[in-house]
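Here the structure is a predicted model, which means the values were calculated and not measured. Labels below follow one simple rule: chain letters A, B, ... track the order of the sequence lines, proteins then strands, and each chain is numbered from 1.
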There are 2 protein chains.
Amino acid sequence: MANQLRLSIDRSSPVPLYHQVVQGIEAAIHTGLLEPGSRLENEIDLAAQLNLSRPTMRKAMDELVRSGLLVRKRGVGTQVVSSQVRRPLELSSLYDDLTNNGSKPTTEVLTFAHIEADAPTREALHLATGAKVYHFTRLRKVGGKPLALMENWVRDDITHIDEDLLKTQGLYSILRSGGVNFRLATQRIGAVVANDYQAPLLETEPGSALVTMERTAVDDTGRNVETGHHVYRGDSYSFEMTLVQR
Amino acid sequence: MANQLRLSIDRSSPVPLYHQVVQGIEAAIHTGLLEPGSRLENEIDLAAQLNLSRPTMRKAMDELVRSGLLVRKRGVGTQVVSSQVRRPLELSSLYDDLTNNGSKPTTEVLTFAHIEADAPTREALHLATGAKVYHFTRLRKVGGKPLALMENWVRDDITHIDEDLLKTQGLYSILRSGGVNFRLATQRIGAVVANDYQAPLLETEPGSALVTMERTAVDDTGRNVETGHHVYRGDSYSFEMTLVQR
DNA sequence: AATCAGAGTATGTCCTAACAAACGGACATG
DNA sequence: CATGTCCGTTTGTTAGGACATACTCTGATT
């Protein structure tokens with residue numbers, strides 16, 4: 001007998017049904033109720049058991065496949081992925097990541113200015129000549145240890161930003177509070193060695209390895225809201241992600 | 001008048017209708033027919049124009065939203081993203097990436113062995129004690145310039161691999177020919193400085209920056225097929241990707 | 001005994017049909 | 001003039017059905 005997935009679906013909840021199923025199966029996998037490698041019942045039976053239509057059930061499983069927790073094969077069935085799957089890279093700020101992990105990051109604002117955008121910034125954010133942006137550099141520490149040196153440019157026609165705010169909140173959190181709905185970001189990850197400016201701030205040696213990230217984020221109205229250039233200590237930070245076929 | 005998206009849909013083609021739409025819209029965006037920032041007609045009208053049902057049209061647009069070419073907003077509509085969106089990180093090998101970009105990579109096989117898997121490899125590939133794997137290290141050059149130093153472990157119960165094959169084909173191409181259908185991979189990207197072994201092979205100095213990537217790939221039967229540890233010259237390689245909300 | 005064909009099963013694609021919810025602008029009201 | 005309400009538009013969610021296709025296993029044929 002297959003695993004009985006005793007999910008409870010609340011049809012009066014504002015949470016979409018398919019998402020309730022996603023959460024239920026995720027929980028079942030993380031608690032070990034659904035073992036890695038085990039096969040799920042077929043879509044139609046599962047849908048019937050939960051009194052859902054097949055498209056709804058399938059949409060839920062689609063999400064789980066995309067997030068890498070399940071693999072499907074036509075004519076065969078759907079399995080829980082046997083490996084420990086890490087959460088795919090998400091559109092979140094480092095601050096969010098760290099607080100989610102239970103750490104307590106602190107932020108030092110090194111510079112802060114409200115200035116006219118220079119040419120590269122105007123291009124990255126699609127701004128007209130003369131447009132102004134917030135420009136600031138921050139140093140993020142976790143447990144007193146420096147982790148990241150971040151330089152950002154944010155368009156100023158969205159929400160007010162000041163130095164005090166940046167000390168207590170992540171940039172993305174501030175922007176979200178300001179009504180920005182992020183939709184996507186393009187980023188590039190590479191490596192450099194620490195220079196004489198970066199090394200002392202990150203409390204490492206010039207010549208040590210740093211992970212670099214350049215990112216530009218777009219909101220739901222298609223505006224390029226923010227662009228940044230971050231460097232992380234190579235000995236304490238790396239990017240984990242799950243790539244899914246198709 | 002909105003952009004007339006004169007897509008042609010071939011209902012006798014084996015290519016799914018929704019995918020034909022995806023390709024058509026992608027092409028329209030890349031050729032500039034659909035300008036960045038422009039609004040698409042609504043889903044229902046577009047579907048009607050192509051004689052498709054709304055779910056099919058919507059599935060196509062879902063994919064485009066996921067790949068970062070479009071952004072949607074309820075009550076408003078769907079827009080072409082204004083920024084140049086890079087192709088999201090895909091489940092492909094470096095060799096594929098380079099050949100797609102028109103470069104002509106060459107591969108040197110530095111070591112090749114068919115050996116018993118050690119403990120970390122057994123764990124990464126979920127193998128039993130005593131299981132054997134192919135283990136090899138390769139140096140990849142583009143235009144005569146070294147780019148990547150790659151060390152891989154591949155389970156041996158899938159397809160035969162030999163040194164000559166590795167010289168002429170990418171690993172993923174070999175495995176796909178062997179019947180492997182990759183579904184997902186988890187990877188981690190970081191930074192180190194080149195050591196005395198890596199530097200001469202990559203024709204760089206010890207102490208220069210390298211991008212590191214560790215990856216484990218899973219196929220459609222849930223098997224962990226391959227795991228590898230690659231290093232790239234930091235001055236000539238970086239990972240680009242698009243992150244999409246939700 | 002080995003190979004091939006077919007049945008059964010599960011996912012993949014596609015359709016019609018509704019209703020819900022969020023957004024933006026127009027209009028009415030204080 | 002400012003504010004709140006309503007309404008049309010557009011995407012979001014859900015249902016139920018039908019057929020296609022790929023895979024596995026089993027039984028029949030050579």
Side-chain angles (χ1 to χ4, degrees), chain A residues 2 7 9-23 25 38-66 70-80 179-181 183 219-223 244-246, chain B residues 2 9-23 25 38-66 70-81 179-181 183 219-223 244-246:
Chain A
L7 307 181
I9 301 297
D10 177 6
R11 300 191 83 94
S12 66
S13 160
V15 178
L17 301 181
Y18 72 86
H19 198 250
Q20 293 185 37
V21 175
V22 169
Q23 292 175 326
I25 296 182
S38 64
R39 273 243 321 269
L40 267 68
E41 290 181 74
N42 71 58
E43 297 172 350
I44 295 175
D45 288 350
L46 280 176
Q49 284 171 31
L50 298 173
N51 283 310
L52 297 172
S53 68
R54 185 182 166 210
T56 301
M57 192 66 215
R58 193 167 162 76
K59 173 151 189 174
M61 294 175 82
D62 265 347
E63 291 217 3
L64 292 162
V65 167
R66 262 203 302 286
L70 302 179
V71 291
R72 282 195 286 216
K73 198 170 184 183
R74 193 193 296 200
V76 179
T78 306
Q79 288 187 8
V80 178
V180 176
N181 300 306
R183 273 306 142 90
D219 76 355
D220 57 3
T221 66
R223 288 182 303 192
V244 180
Q245 181 79 345
R246 290 278 274 96
Chain B
I9 302 297
D10 177 5
R11 299 191 82 96
S12 66
S13 159
V15 178
L17 301 181
Y18 71 88
H19 198 248
Q20 293 185 39
V21 176
V22 168
Q23 292 175 325
I25 296 182
S38 65
R39 273 244 319 270
L40 267 69
E41 291 181 74
N42 70 59
E43 297 171 351
I44 296 175
D45 288 351
L46 280 175
Q49 284 171 31
L50 298 173
N51 284 311
L52 296 172
S53 69
R54 187 184 164 210
T56 300
M57 191 66 215
R58 193 169 162 75
K59 173 151 189 174
M61 294 175 81
D62 266 347
E63 290 216 5
L64 291 161
V65 167
R66 261 205 308 284
L70 301 179
V71 292
R72 282 195 287 215
K73 201 171 180 183
R74 191 193 295 201
V76 180
T78 305
Q79 287 187 6
V80 178
V81 168
V180 176
N181 300 304
R183 276 303 143 92
D219 76 355
D220 57 2
T221 64
R223 287 182 303 191
V244 180
Q245 181 78 346
R246 277 255 103 238

Undergrad: Heavy atoms only: give me the nearest B/A60-B/V22 pair and the separation to one decimal.
TA: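 For B/A60 and B/V22, the tightest heavy-atom pair comes out as O-CG2, 3.5 Å.
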Undergrad: In whole angstrom, what separates A/K59's NZ from C/dT11's P?
TA: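 Taking atom P of C/dT11 as the reference, NZ of A/K59 is at 19 Å.
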Undergrad: Measure across B/V15 and B/Q20 and return the closest heavy-atom pair with its distance rounded to 0.1 Å.
TA: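 So the minimum-distance heavy-atom pair works out to O-NE2, 2.9 Å.
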Undergrad: If I take atom NE2 in residue B/H19 and atom C1' in nucleotide C/dC14, what distance separates them, rounded to the nearest angstrom?
TA: 16 Å
Undergrad: To the closest 0.5 Å, what do you measure between CE (B/M57) and CD (B/Q49)?
TA: 9.0 Å
Undergrad: With heavy-atom distances below 4.5 Å as the criterion, would you say the side chains of A/T221 and B/K73 are in contact?
TA: yes
Undergrad: Without decimals, in angstroms, what is the distance between A/R39 CZ and C/dA10 C1'?
TA: 8 Å
Undergrad: Could you list all N or O pairs between the protein and nucleotides 22-28 of chain C that sit under 3.5 Å apart?
TA:
residue, atom, partner, partner atom, Å
C/dC23, O4', B/R74, O, 3.4

Undergrad: Quickly, which of A/I9, A/L17, A/N51 forms a side chain to side chain contact (heavy atoms under 4.5 Å, CB included) with A/T56? Name it, please.
TA: A/L17
Undergrad: Report the distance from atom CD of B/Q20 to atom P of C/dT13, rounded to the nearest whole Å.
TA: 12 Å
Undergrad: Hey, what do you get for CZ (B/R183) to CZ (A/R72), rounding to the nearest 0.5 Å?
TA: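 That separation rounds to 8.5 Å.
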Undergrad: Does the side chain of A/L40 come within less than 4.5 Å of A/M61's, by heavy atoms?
TA: yes
Undergrad: Measuring only between side-chain heavy atoms, which start at C-beta, is A/V21 closer than 4.5 Å to A/K59?
TA: no
Undergrad: Whole angstroms only, please: what is the CZ-C1' distance between A/R72 and C/dG12?
TA: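 About 8 Å, once rounded to whole Å.
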Undergrad: Using chain B heavy atoms and a threshold of under 4.0 Å, write down where along DNA chain D the contacts begin and end, 5' to 3'.
TA: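 Listed 5' to 3', the contact boundaries are D/dT9 to D/dT13.
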Undergrad: Looking at CG of B/D45 and CG of B/L50, how far apart are the two atoms once the value is rounded to the nearest 0.5 Å?
TA: 11.0 Å
Undergrad: Would you list the protein and nucleotides 15-17 of chain C atom pairs, both N or O, that sit under 3.5 Å from each other?
TA:
residue, atom, partner, partner atom, Å
C/dC15, OP1, B/R11, NH1, 3.4
C/dC15, OP1, B/R11, NH2, 2.5
C/dC15, OP2, B/S53, N, 3.2
C/dC15, OP2, B/S53, OG, 3.1
C/dC15, OP2, B/T56, OG1, 2.6

Undergrad: Using whole Å, report how far CE of A/M61 lies from C1' of C/dT11.
TA: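 One finds 9 Å between C1' of C/dT11 and CE of A/M61, rounded.
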Undergrad: Atom OG in A/S13, atom CG in A/D10: separation rounded to 0.5 Å?
TA: 5.0 Å
Undergrad: OP1 or OP2 of C/dC14 less than 4.0 angstrom from a side-chain nitrogen or oxygen of B/Y18, does that happen here?
TA: no
Undergrad: What are the two closest heavy atoms between B/L70 and B/V80, and how far apart are they?
TA: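 Nearest heavy atoms, B/L70 then B/V80: CD2-CA, 3.9 Å.
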